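The block underneath contains the structure these notes are about, expressed in structure tokens.
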Amino acid sequence: RILSVLYNGLISAIYPDMVGTFMDLFLTALKPSLTILQRWLVEGRLVDDREEFIFCRSSQPDPDQDIWTNVFKSRRFQQKLNQDGIKPNSLIVSLADKILLSGKSNEILSKMNNISEGSLSILEPIDPQA
């Protein structure tokens with residue numbers, strides 16, 4: 001929510017002095033999301049202890065369900081923002097599907113590597129401390 005509010009303030013700032021302030025606030029608020037994103041895309045681990053990222057892991061994945069479509073879910077941030085009358089951050093909206101596809105792919109590849117080493121099942125979450 002805060003990212004959308006700050007982003008909207010940044011793109012609609014009419015005073016040049018406000019742009020720098022909004023940019024600093026936006027980049028500071030964006031850092032935790034970028035850290036989560038980097039870990040998911042580089043290491044194949046979705047670690048979001050504060051449950052603030054736009055995607056989450058299903059808490060109880062069913063072994064009989066399709067792993068690709070049912071293990072990772074959107075937090076429905078766009079609907080919540082629209083309900084509150086806040087325009088969703090267009091940057092995040094435009095990249096959300098690509099982020100989800102890349103994150104799922106990298107996590108599955110990472111798990112397949114661990115399975116080939118005999119240390120993990122495909123449905124088990126990867127230990128965030130590893």
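Being a predicted model, the structure only gives us computed values, none of them experimental.
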To the nearest 0.5 Å, atom OG of Ser110 lies from atom CG of Leu46 at 12.0 Å
Name the atoms and distances for all side-chain donor-acceptor pairs under 3.5 Å in residues 85-100, with sequence neighbours left out.
from: Asn89; atom 1: OD1; to: Leu91; atom 2: N; distance (Å): 2.9
from: Asn89; atom 1: OD1; to: Ile92; atom 2: N; distance (Å): 3.4
from: Ser94; atom 1: OG; to: Ser90; atom 2: O; distance (Å): 3.1
from: Ser94; atom 1: OG; to: Leu91; atom 2: O; distance (Å): 2.9

In this structure, CG of Asn106 is separated from CZ of Arg39 (nearest 0.5 Å) by 14.5 Å
In this structure, CG of Leu25 is separated from OH of Tyr7 (nearest 0.5 Å) by 16.0 Å
Notebook entry, point to check: Shared ILVMFWY cluster between Val42 and Leu37, side chains joined below 4.5 angstrom?
Noted result: no
Salt bridge (Lys or Arg N to Asp or Glu O under 4.0 Å) pairs touching residues 73-86, sequence neighbours excluded, are Arg1-Asp84, Asp48-Arg75
- [ ] Look at the rings of Trp40 and Phe55 and say which category their plane angle falls in: under 30° parallel, 30 to 60° tilted, over 60° perpendicular.
- [x] tilted
Rounded to the nearest 0.5 Å, the CZ atom of Phe53 sits from the CG atom of Leu34 at a distance of 8.5 Å
Closest heavy-atom pair, Leu6 versus Ala29, reported as atoms and distance to 0.1 Å, is CD1-CB, 3.9 Å
Distance col, row Gln38:CD vs Arg45:CZ, nearest 0.5 angstrom, shows 10.5 Å
One should read off an interatomic distance between Leu10 CG and Leu3 CG, to the nearest 0.5 angstrom, of 11.5 Å
Test: Arg50 and Glu52 ion pair at under 4.0 Å
no
